[in-house]
There are 2 protein chains.
Amino acid sequence: MKDIARRAGVSESAVSFALNGRPGVSETTRARVRGVAEQLGWRPSTAARALSGEGAATVGLVLARPAHSLGVDSFFLQLVSGIQEVLAERHLGLLFQMAEDVADECAVYRRWWAEHRVDGLLMVDPRADDPRPDLLDELGLPAVVIGGAPDERHPGLSTVWADDAAAMASVVDELTGLGHRRIVHIAGLPGLAHTQRRIRTLRAEADRRGLSEVHSVTTDYSDAEGAAVTRRVLRASPPPTALIYDNDVMAVAGVAAAAELGRSVPADVSVVSWEDSALCRMVKPWLSALSRDSTEFGRTAARELTSLLDGGAARAVRVPVPRLTVRGSTGAAVSRTGGGETAGPG
Amino acid sequence: MKDIARRAGVSESAVSFALNGRPGVSETTRARVRGVAEQLGWRPSTAARALSGEGAATVGLVLARPAHSLGVDSFFLQLVSGIQEVLAERHLGLLFQMAEDVADECAVYRRWWAEHRVDGLLMVDPRADDPRPDLLDELGLPAVVIGGAPDERHPGLSTVWADDAAAMASVVDELTGLGHRRIVHIAGLPGLAHTQRRIRTLRAEADRRGLSEVHSVTTDYSDAEGAAVTRRVLRASPPPTALIYDNDVMAVAGVAAAAELGRSVPADVSVVSWEDSALCRMVKPWLSALSRDSTEFGRTAARELTSLLDGGAARAVRVPVPRLTVRGSTGAAVSRTGGGETAGPG
DNA sequence: GCAGATCACTAATCCGCTTTAGGGTGTTCA
DNA sequence: TGAACACCCTAAAGCGGATTAGTGATCTGC
């Protein structure tokens with residue numbers, strides 16, 4: 001900046017005014033300074049800016065999943081891609097970190113806060129009884145909760161959420177319309193807030209329709225557990241005629257497990273995946289799946305955060321309800337009593 | 001820091017000395033200051049530290065893949081997970097950004113450099129004729145190239161690489177051992193350095209063995225292109241008896257495409273996936289695949305970068321050669337002349 | 001018993017930028 | 001013609017640490 005000042009023949013303060021659009025310099029001087037700065041390829045040091053009270057120009061994102069449970073995943077990168085799109089426009093950096101668990105994640109939040117490393121945070125995978133919102137309140141960091149339900153106890157936090165309840169209802173609608181009355185929901189991690197929302201909604205929908213043989217089983221999202229749980233529930237007597245999987249990985253693994261037991265999809269059992277991706281089109285039959293635009297989800301979250309950083313009020317934004325794309329894995333329910341014989345391919 | 005100084009009854013300089021292990025304070029004072037700092041949960045502001053010449057305590061990573069081509073992926077998150085493990089130990093932050101293409105990525109490098117945002121960079125997806133190493137040289141940023149071949153033209157850059165040539169040779173060994181003589185390699189993006197290395201090696205191995213019906217086809221790594229190319233090459237006369245896919249997604253899509261054409265795996269055609277993941281165990285038969293430890297790959301890369309940041313010399317580190325895990329998708333070659341009739345399941 | 005060295009600590013400067021408080025100059029109006 | 005007021009610009013302080021140059025006080029050696 002000294003360089004610019006010297007070459008433009010003005011003081012450093014004038015340079016600062018000129019480059020930041022502040023009043024106090026003539027338009028001609030401003031243009032000259034801008035020219036010199038551009039020519040020198042100058043960019044303000046974020047450290048210096050941060051130190052003089054402008055904030056770190058960075059937002060943080062922590063992913064608390066143990067490394068080994070990081071499997072095939074499409075959602076997260078799509079989400080981050082959308083986030084980046086919005087952040088890049090404003091030249092905001094994204095500080096990314098992985099953590100072992102939520103406690104670890106909280107420690108990261110505290111450290112980042114103490115080090116003035118971030119101006120705001122994006123929080124993913126909200127849980128039932130989550131300590132993070134309280135912490136964020138305490139630290140006073142602007143933050144957006146991604147995928148949580150609106151939470152009136154934390155008026156300072158913005159929330160971007162999809163209406164799982166409505167989506168679950170639409171799936172149940174579709175399945176009962178096809179005649180299914182015995183449905184098992186192979187859910188994800190029990191601790192996650194959206195897992196619990198889905199389980200609650202399923203129960204409510206079942207009660208409303210008088211279906212007694214509908215329940216949820218929680219898992220760790222892995223293909224292994226997806227397959228194991230599928231085998232277990234399909235061996236019940238009578239077995240369910242429809243399975244709802246909380247992610248695509250388990251759904252695909254479940255179809256394979258069903259095939260091993262001699263059950264064909266959708267003749268013997270219908271399958272719905274709560275997450276659409278290329279995976280759903282890699283098995284036969286293609287999986288009926290709930291689709292959402294994860295990239296747009298990310299964009300929305302990032303926009304909410306920038307709005308918060310600009311001093312906007314916190315709010316809850318709902319993204320479109322995931323829509324069920326019906327493909328080949330859902331069909332009419334057949335009544336069957338028990339057994340193991342195989343039907344032919346549908 | 002003023003607070004600490006006041007509460008400990010010493011000057012701010014003394015606090016700085018005490019907390020940074022510099023001589024100039026007594027051990028008792030040092031302990032007292034440390035106690036106060038800990039009690040206050042104090043952490044130095046990265047901005048201030050950076051401004052006084054300590055560096056930004058941050059390394060950067062840019063992923064230049066268009067958002068839409070971000071599909072199901074296991075490699076990248078595993079890699080980042082390993083990187084984080086090492087960086088977290090040293091309290092180094094990871095600044096992450098997505099870019100549209102390499103030119104965009106270069107712009108990000110320049111900006112980060114000008115803004116003093118990062119102390120070093122991790123560069124992924126090296127390409128043939130890549131402008132990034134030159135740029136990194138020019139900017140003088142410590143950097144590690146992940147997945148490139150050692151490059152003597154850029155002595156300042158460290159490289160962490162897997163020996164694709166050896167891995168490809170092992171695959172060709174396995175396949176020719178099974179009697180395959182017509183092999184098609186369904187490769188990834190033509191611009192990537194490792195794609196070209198694999199293609200070159202395959203050609204060399206084929207020449208060495210006198211196999212004339214061996215070639216590579218490049219794709220965009222997507223399931224769609226994987227399937228399309230599979231259909232095309234299997235319709236050739238005579239068709240290949242073995243297919244090598246450059247990633248798991250295409251391999252799985254390819255198996256499905258083969259099935260549509262009435263070719264069964266491995267009876268009619270053997271399949272090898274160059275990337276192992278849960279995906280490879282979601283299809284029947286399970287896919288023979290080249291496995292590597294992506295997390296360890298990330299750890300190694302991060303360690304090289306920290307070593308560079310500590311003033312260590314740049315070097316090329318080779319990680320273990322990906323090992324072929326033989327599963328059900330590879331079998332003995334059958335000679336067939338043309339046609340479309342189907343063999344039964346193997 | 002006194003110079004010189006050592007030790008424990010403080011004062012002052014700097015990093016690069018923003019911002020507040022002035023300081024000239026020129027114009028306007030009484 | 002002088003006061004009031006814009007207008008452009010400069011000087012200086014401050015952000016939170018690290019660092020360098022001191023400053024007393026205690027210790028060492030002769």
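Computed from a predicted model, the values in this text were never measured in an experiment. So that the names make sense, note that chain A is the first sequence line, chain B the second, and so on, each numbered from 1.
Under a cutoff of 6.0 Å and an axis angle of 45°, B/R292 and B/F75 form a cation-pi pair.
Dashed line: the shortest gap from a side-chain N or O of A/T29 to OP1 or OP2 of D/dC9 is under 4.0 Å. For D/dT10, the OP1/OP2 oxygens have a side-chain nitrogen or oxygen of A/S11 closer than 4.0 Å. In this structure, B/R49 does not reach the D/dG16 phosphate: none of its side-chain N or O atoms is under 4.0 Å from OP1 or OP2.
Put simply, CD on A/E27 is 19 Å from P on D/dA6, counting in whole angstrom units. Between the P atom of D/dG17 and the CG atom of B/L40 lies a distance of 12 Å, rounded to the nearest Å. Note: CH2 (B/W42) to P (D/dG16) measures 12 Å, nearest angstrom. Protein atom CG of B/L19 is 8 Å distant from nucleotide atom P of D/dA18, rounded to whole Å. As a whole-Å value, the separation of B/E12 CD from D/dT20 P is 18 Å. Atom CG of B/N20 and atom P of D/dG17 are 10 Å apart (whole Å). Spacing between atom CZ of A/R22 and atom P of D/dC9 amounts to 17 Å, rounded to whole angstrom units. One atom, CD of A/E54, and another, P of D/dG14, lie 18 Å apart when rounded to the nearest Å.
For the pair B/D310 and B/R90, the salt-bridge criterion is met [side-chain N within less than 4.0 Å of a carboxylate O]. Under the 4.0 Å criterion applied to side-chain N and carboxylate O atoms, A/E12 and A/K2 are not assigned as salt-bridge partners. Comment: A/E115 does not engage A/R110 in a salt bridge, judged by the lack of any side-chain N to carboxylate O separation of less than 4.0 angstrom.
Candidate nucleotides D/dC15, D/dT20, D/dG17 were compared by shortest atom distance to the side chain of A/L51, and D/dC15 ranks first. For A/S52, taking side-chain heavy atoms from C-beta onward, the closest of the listed nucleotides D/dC15, D/dT10, D/dT19 is D/dC15.
A/V10 comes within 4.0 angstrom of the backbone, heavy atoms only, and of no base. Looking at heavy-atom distances under 4.0 Å, A/S13 makes contact with a base. No contact: B/G53 has no heavy atom under 4.0 Å from any strand. Among the heavy atoms of the strands lying under 4.0 Å from B/M1 are primed sugar atoms or P, OP1, OP2 only; no base atom is included. Counting non-hydrogen atoms under 4.0 angstrom, B/S16 reaches a base of the nucleic acid.
Place B/V25 and A/P44 on DNA chain C by their nearest nucleotides, and B/V25 ends up nearer the 5' end. Between B/R32 and B/A48, the residue anchored closer to the 5' end of DNA chain C is B/R32, taking for each the nucleotide with the nearest heavy atom.
Donor-acceptor pairing under 3.5 Å is recorded for the side chains of B/T58 and A/R117. B/S26 and B/T29 share a donor-acceptor pair across their side chains, judged by distance under 3.5 Å alone. Between the side chains of A/H116 and B/R43, no donor N or O sits under 3.5 Å from an acceptor N or O.
Once rounded to the nearest 0.5 Å, the distance linking OG1 of A/T46 with CG of A/L51 reads 11.5 Å.
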Can B/F76 and B/V80 be said to form a side-chain contact (heavy atoms from CB on, under 4.5 Å), step by step? CA-CA 6 Å; B/F76 190 72; B/V80 171; 3.6 Å; yes
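Comparing the start and finish of the helix from C/dG1-D/dC30 to C/dA30-D/dT1, five pairs each, the helix axis swings through 50°, to the nearest 10 degrees.
Put simply, chain B comes within 4.0 Å of DNA chain C, heavy atom to any atom, from C/dA8 to C/dG16, going 5' to 3'.
Judged purely by atom type and a 3.5 angstrom limit, B/S158 uses its side chain to pair as donor or acceptor with the backbone of B/R315.
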